[in-house]
Amino acid sequence: MAETIHLPIGPQHPFLKEPAKFDFDIQGEEIVGARMNIGYNHRGLEKLCEERNYYQCLYILERICGICSHSHTTAFCQATEKLLGLEIPKRGLYLRTLVCELERLHSHLLWLGVAAHEVGFDSLFMLVWRDRELVMDALEAISGNRVNYAFNTIGGVRRDLSEEQRTKLLEMLKPLIERTGFYANIGTNEPSFLARIRGVGKLPKQRAIDMCTVGPFARASGVDRDARRDVPHAAYPYLDFKVITNEECDIYGRVLVRVLEILESCKMVKQMLETLPEGEFVAPKVMRRVPAGAAVSYYEAPRGEDIHYVRGNGTEKPERVKVRAPTMANLEAACESVVGSFVADIPIAIASIDPCFSCTDRTSVVLNDRRRGRRVTTWGELRTYGIDWYRRNRGIHF
Amino acid sequence: MVARDWQGELTALFPAGDLTRGSDGFFWVKVDKDRLRDAVAGLKGLGITNLSTIIAEDMREHYLLSYPFLGAAVVTLLVKIDRDRPEVPTLAGTVAGAIVYEREIRDVMGITPVGHPDLRRQVLPEDWPAGVFPLRKDVTMPAPTVAPQGGDK
Amino acid sequence: MSKAAVLVPELLRNLATHPVTRAFPFEAAVVPKGFRGTPRFRSENCIGCKVCMRDCPSDAIHIDVTVIPPTEPAVEGQPAPKPKKKMTMTLYLDRCVHCERCAEVCPKDSIYLDEEFAMAAFSREALKIVME
Amino acid sequence: MNALKVALYLLVFPGFAFQSIFSTWLEWLDRKLYARMQNRRGPLYTGWSGMMQPVADIIKLLAKEDITPSHADKKAFAFMPVLSLAAVITAGLYIPVWHLSSFNSFEGDIVVVAYLLTIPSFSLFLAGWFSVSPYSLLGGTRVLTQLFAYEVPFFLALLTPAVMSGSWRIARIAAYPWTGGHWWVMPVQIIAFGVALLTLQAKLERVPFDIPEAETEVVGGPLTEYSGKKLALFRLQKDILMYVGSALVACVFLGGFKGGLLLGTLQLVLKTSFVVGLLSVVRAACARIRIDQIVSFSWKWLAPASLVQLLIVLLIKAKGAM
């Protein structure tokens, strides 16, 4: 029996785009144990939100993650609108869901490219990212920026969609659907790519349910759960769409689910553009002070369901913002799915949940409570405490 | 799927006083600490098994843990923990996904999940001082000595 | 079910097509209308209400109101000439996140975002822009 | 006079100078084709459309700091790049450049070249071994496992034309299609050509067989600890290995480089570029497969294919001789 070697991967490693540490126990080439250790990308964003009014929180929550920025603002707006008891005009809901689906398109295409790169299939990576530019240009034209769209505001959206932009978007869909069909063919037929993803990172269905996994990672193990259908929000009740699941339970299944979801999102974008209602796109009179109370809001981000919990205390600033990003739910299951496969499969198995560690590491550190008792610390002091601590303990001068 | 109104099943499971329903159709259920496990087992019977996260808050008089479950219906269990005995029975047996979130609440709030299989540091760095639980209101941070840098603001 | 070298026809087709990458610093990058670039200031509209300063998520704007005493002497009879106010905006571009919140919340539409996106500088002082 | 000719031969034309220049040109060709196939531009600014890019890389590496790990065996750590470079250049001398026979071709020089081409793989493993870091150890062992996988099919594929032409001299093998045999000898050995291409790709450790340097798992493979001048030598050695490998395959399979100084060298450039073009198509079309898959692929597919090819050649020989 080969003795067990302990192989630490991360927090800095070529295949990890963001800092996260995984400890693997390997015997020869086979992995027998896996543990994860996150928290390296923790920026105290929620603490920051408590010192900003609701509108400013939007732009902080948008920067939790570069790829799914719209999901966080959508979930936060829904939670705040529940607290305010606001009624969003239908056109606003449609435009918000339009950008949601466009973001799912470019996020899944991005993942397909990154997964191909993890297994050394760089041509597919380059080609997929070339065609992703179609969606990125569309988003840039609509919202004014490729990444942080700042498209959501409390009560609706900030910009309207002109007729000319609408037709341009419709034209963009045709080549995108055709190219995605071509990539589906490549993904399921290229033998060297198949050899690396078929039968790797297995996660049986019952285990997926127990570990409360979410998003395409769970749907590829046969778990029929999608927040867009279970908890209809935004404009999803008005759209008909299919929830894609399959029983592959391995990375091949996750590639299939995500590629088919791209096609499904294209259909939804087409539906939304054709039946875009007229009228207002943002609620007229929005109060800046949010009444006291707590609200939970669910949103189906590209990686899974994203939960925002906002507690208001009647002032302009939220009392507590808790964000649970989808990657947090999938990480433990991803570690477990690696056990049994080879060392060479670690990158693709971890990448198969489309990890976004910047989303996962933002739990708050210190609560600021100006009204009810001693003031503890502000974000500024927390920042200097960090700088000071590293200077004393690690001798690092920022 | 959501058309089926879960009001009937849930009132059967929980005493009427604890069950409230938000304007958006989400259910909020106050649950006592010791009855948490069988409340979760009851929900599992109804097919609601996906525990999304565990939210820990310090409400000054007591701690509040909310367990949002997403399934056919959205049910959030609210558990009050009194300040002097910060423990809660672990759900690791019935819901494997809870392991990660219970570690997190132990790190930031100091509520130890009794019977948790593998209590490691989840969120905070290894060399974080043991007794300091950052999310609590009475936590004290040593005053910073370095002035903030960057620009002249 | 798997066909070998299924990507080769596409690769060979790419050999003939022109590459899509743009050599950015040497070729201009085209930016759509409505792109959120650098905040610009129209001081004539500004009334100095500082709503933008309050609502900026990253404290990147600072409005200074300077009162200019009236030059001509006070003439009996007519009301004394009012002192004119001059507004200047200092923009900390290293902190600005280009979210267009200031332009949106300004009642007098005195801030607008242009389409200038290449704004790197060697020092943070160079990114502190004072606009009349 | 003869000594000057030999020195000129060794140092300039088919020797060190020509090999390094032409191999960096081949690397540029490979990178440019690979990029254009992915609809990218590829190297662009150094020299005419980036042609000097590989040279610039090597010069940059020469200027960079040269770190030797503290635990490493200093002398052996420094000797490895020199050993592999020397082996590869001497192998290059036996490739006939402008007329059919090379510098001192003798019976059996194809076996010498094939043997010299395995030394770089061993030196890579030893480089990983001597730099005593977990990642380079892991990378080094993978170089060896991969060596055992592709070495047998590589020899079989190379020696099929030798068996066809009935001699072990590269000169006679290259001349066989034109002089002894018939032109259709080349298409008949198409399977061996395919196997030789794939195993050459594995020897050069390029995708889909580049497990040792697969940056996603084993960081830098055996060369993790190398930097500065030593890494530059390794990079040059890898380029020259690509030139020698593809020139050998071109010479053996596609008929040698007949004709005088000018015409022969032109044929050399064209045919070797054709082989390198095929290699970059293989590199662009496949994903990187795992080490166990490489071993099973080469023993289940490459070795039997080359044996079948050998059988065909023997049958033809028997029918011809009858």
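What's counted below: heavy atoms across the whole structure, side chains too, no hydrogens, waters or symmetry copies. The structure presented is a predicted model; accordingly, all values stated were derived computationally and were not measured. Lettering of chains follows the sequences in order, A, B, ..., and the numbering in each one begins at 1.
Minimum heavy-atom separation, B/Ile54 to A/Lys322: O-CE, 4.3 Å.
Within the 4.5 angstrom heavy-atom criterion, no atom of A/Val223 approaches chain B. When heavy atoms are compared at a cutoff of 4.5 Å, B/Ala56 approaches chain A solely by way of its backbone atoms N, CA, C and O. Contact of B/Leu64 with chain A is made through the side chain alone, with heavy-atom distances under 4.5 Å.
Looking at A/Tyr298 and B/Ser52, their side chains do bring a donor and an acceptor atom within 3.5 Å of each other.
Options B/Thr49, B/Leu70, B/Ile99 differ in how many heavy-atom pairs under 4.5 Å they form with chain A, and the most are formed by B/Leu70. Of the listed residues (A/Met211, A/Arg207, A/Arg311), the greatest number of heavy-atom pairs within a distance under 4.5 Å of chain B belongs to A/Arg311. Residue with the most contacts toward chain B among A/Arg225, A/Glu332, A/His233: A/Arg225 (heavy-atom pairs, distance under 4.5 Å). Interface remark: of the candidates B/Thr76, B/Thr94, B/Val100, B/Val100 forms the most heavy-atom pairs closer than 4.5 Å to chain A.
In this structure, SG on A/Cys212 lies 5.0 Å from CG on B/Asn50, to the nearest 0.5 angstrom. Separation of atoms NZ (B/Lys44) and CG (A/Asp210) is listed at 5.0 Å; rounding is to 0.5 Å. Taking OH of B/Tyr101 as the reference point, atom CE of A/Met328 lies at 6.5 Å (rounded to 0.5 Å). Distance CZ/A/Arg320 to CD1/B/Ile55: 8.0 Å, rounded to 0.5 Å.
In this structure, A/Tyr309 and B/Thr53 have side chains that are not in contact, with every pair of non-hydrogen atoms separated by 4.5 Å or more.
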